[in-house]
Amino acid sequence: MQAIRITRRAATRTLAAALMAASLPVAALAEDTVKIGVILPMTGPSASTGKQVTAAMKLWQAVNGTKAGGKTVEIVVKDDTGVADVTKRLAQELVVNDHVSFLAGFGLTPLALAAAPIATQGKVPMIVSAAATATITEASPYIVRTSFTLPQVTAPAAEQAAKQGWKKAITLVTDYGPGIDAEKTFKERFTATGGEVVAELRVPLKNPDFAPFLQRVADTKPDGVFVFVPSGFGGLFVKQFVERGFDKSGIRLIATGDVLDDDLLDDMGDVVLGVTTTHHYSAAHPSAENKAYVAAFTKANPGLRPNFMSVAGWDAMALVYAALDKTGGATDGTKLVETMKGMSWVSPRGPITIDPATRDIVQNVYVRTVEKVDGHLWNVETSAFEAVKDPVKAAKAAK
Ligand code: PHB
């Protein structure tokens, strides 16, 4: 797993840290600690995101140790229960009272947007390791993202639909930032291939009931339906999809990987066999880094398979450690963000880079099909679009 670290001179650093600790008075030790304030939904409908991201962050420290740039890195986790006002209050408390040097987490777009002004005012790097609406990085110059953007993973889904011969599609998305991003991107790209989006359906984020929307799809009989729902909601969608007999209707399904989330996939049943999704991470990604990651994660969290949220938490830690290594432990927020721009490393998901222009992540997006391997369901990657930037920002930059 050490190979995953960006710059690591472990032996030298450990020795230096030991000498420093031995020679410093106790009072100085607090200054040698760098805190990351991690704010996530640990309860409520998006609790799986909190669980996955924090499990990966803890695993990072178990594998790589707690030292970076000569400092001891401490993670402070707070549960915002998925409520934006709580996120904002917690961010403020972490910056003002706990003097955290980094904020991280942010399980849903409205939660990330609520905390952004606090990062700006406090000049604290804010690593978004879950939320995925394209515009989030524009909400503060201190935001750096290790998750993904919906346009990034949706553009390949539209191309895939065209490749499968769809002419008429319906989009069905959760009605907020990332869903609207997915809807727009799918329509733009699918239309460019000569296809037509005949209905755009939006399902509420709170207490969603997909049944009436699925009825609309059944009545309209498109070639297929493109779906986005956020992590944690895919199980309910698939259940209602199957209850309405869609798996036998001839109406096909293409989705972003959020829907057939690795956290839920194995419990969805054989009805999802053969379904195509596009995303930046599958637990079945066949690299050495990912095999080591999945093995370590499952060992530390029995019964839990790492999903795309977890890998963004892992990479948030990789980024924090690399930045601290590079600043020699200095915690000036502006300097840390500058340091993060352009950093590249090999993640369990594949090679990734922090785009220096946008502070968003550049990564491969994979086309995957659900297959049963050794009695379990996996999103098996069949092809990849390499080094994909967020297309919305790439298009803006080209103008
Ligand atoms: C978001 O709210 O930005 C979000 C949450 C979960 C996802 C994707 C996007 O799976």
Side-chain angles (χ1 to χ4, degrees), residues 39-42 44-54 56 80-84 86-88 104-116 126-140 143-155 157 171-186 202-206 208 226-238 255-265 277-283 305-313 315-316 349 360-361 363 365 368 379 390 392-393:
I39 311 175
L40 283 162
M42 303 302 295
S46 299
S48 60
T49 297
K51 192 171 176 185
Q52 288 270 353
V53 174
T54 53
D80 65 10
T81 69
V83 176
V86 180
T87 317
K88 187 166 188 176
F106 310 102
L108 294 161
T109 290
L111 313 180
L113 294 177
M126 169 172 159
I127 303 174
V128 174
S129 57
T133 300
T135 53
I136 286 175
T137 43
E138 291 163 11
S140 167
I143 292 179
V144 180
R145 178 152 42 194
T146 60
S147 53
F148 68 111
T149 79
L150 258 303
Q152 192 176 40
V153 298
T154 301
T171 57
L172 174 59
V173 303
T174 302
D175 190 5
Y176 76 125
I180 313 289
D181 267 1
E183 177 189 280
K184 269 196 200 154
T185 307
F186 187 88
R202 296 181 182 176
V203 186
L205 174 61
K206 278 195 185 139
F226 163 77
V227 179
F228 162 79
V229 298
S231 187
F233 292 83
L236 177 65
F237 169 75
V238 167
T256 65
D258 311 70
V259 180
L260 300 194
D261 185 344
D262 269 306
D263 191 65
L264 305 166
L265 180 66
T277 51
T278 50
H279 228 212
H280 55 291
Y281 178 69
S282 164
R305 182 192 288 184
N307 73 355
F308 64 98
M309 291 298 186
S310 83
V311 92
D315 286 322
R349 67 184 105 175
D360 244 324
I361 186 165
Q363 58 191 337
V365 177
R368 311 99 52 87
N379 291 306
D390 171 58
V392 175
K393 288 184 212 89

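Ligands are counted one by one from 1 in listed order, and the atoms in each one are counted from 1 as well. All values derive from a computational prediction rather than experimental measurement.
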Inset, instruction - Would you tell me whether D390 and T149 have side-chain atoms, one donor and one acceptor, within less than 3.5 Å of each other? - result: yes
Inset, instruction - Determine, for K51 against D263, whether the closest basic-nitrogen to carboxylate-oxygen distance falls under 4.0 angstrom. - result: no
Inset, instruction - Find all atoms of ligand 1 within a distance of less than 4.0 Å from any non-hydrogen atom belonging to F308, and give their numbers and elements. - result: 10 (O)
Legend entry - Residue K88 excluded, over 12 heavy atoms near NZ under 6.0 Å: no
Inset, instruction - For ligand 1, note which part of D258 has a heavy atom under 4.0 Å away: side chain, backbone, both or neither. - result: side chain
Legend entry - Interfacing atoms of ligand 1 (cut-off 4.0 Å, heavy-atom, L108): 1 (C), 2 (O), 5 (C)
Inset, instruction - Just let me know how F106 lines up against ligand 1, side chain, backbone, both or neither, with a heavy-atom cut-off below 4.0 Å. - result: neither
Legend entry - Considering all heavy atoms, the nearest A112-V128 contact: CB-CG2, 4.5 Å
Inset, instruction - Provide the number and element of each atom of ligand 1 under 4.0 Å from a heavy atom of A131. - result: 1 (C), 3 (O)
Legend entry - Residue, atom name and distance, where the atom is the protein heavy atom closest to atom 3 (O) of ligand 1: T109 OG1, 2.5 Å
Legend entry - Enumerated ligand 1 atoms positioned under 4.0 Å from heavy atoms of M309: 6 (C), 7 (C), 10 (O)
Inset, instruction - For atom 4 (C) of ligand 1, grab the closest protein heavy atom and report residue, atom and distance to one decimal in Å. - result: Y176 OH, 3.4 Å
Legend entry - Within-shell test, G107 vs ligand 1, heavy atom, strictly < 4.0 Å: yes
Legend entry - Region of S231 engaging ligand 1 - heavy atom pairs below 4.0 Å: both
Legend entry - Plane angle bin for H280 and F148 - parallel if under 30°, tilted between 30 and 60°, otherwise perpendicular: parallel
Legend entry - For P230, atoms of ligand 1 separated by under 4.0 Å from a heavy atom: 5 (C), 6 (C), 7 (C), 10 (O)
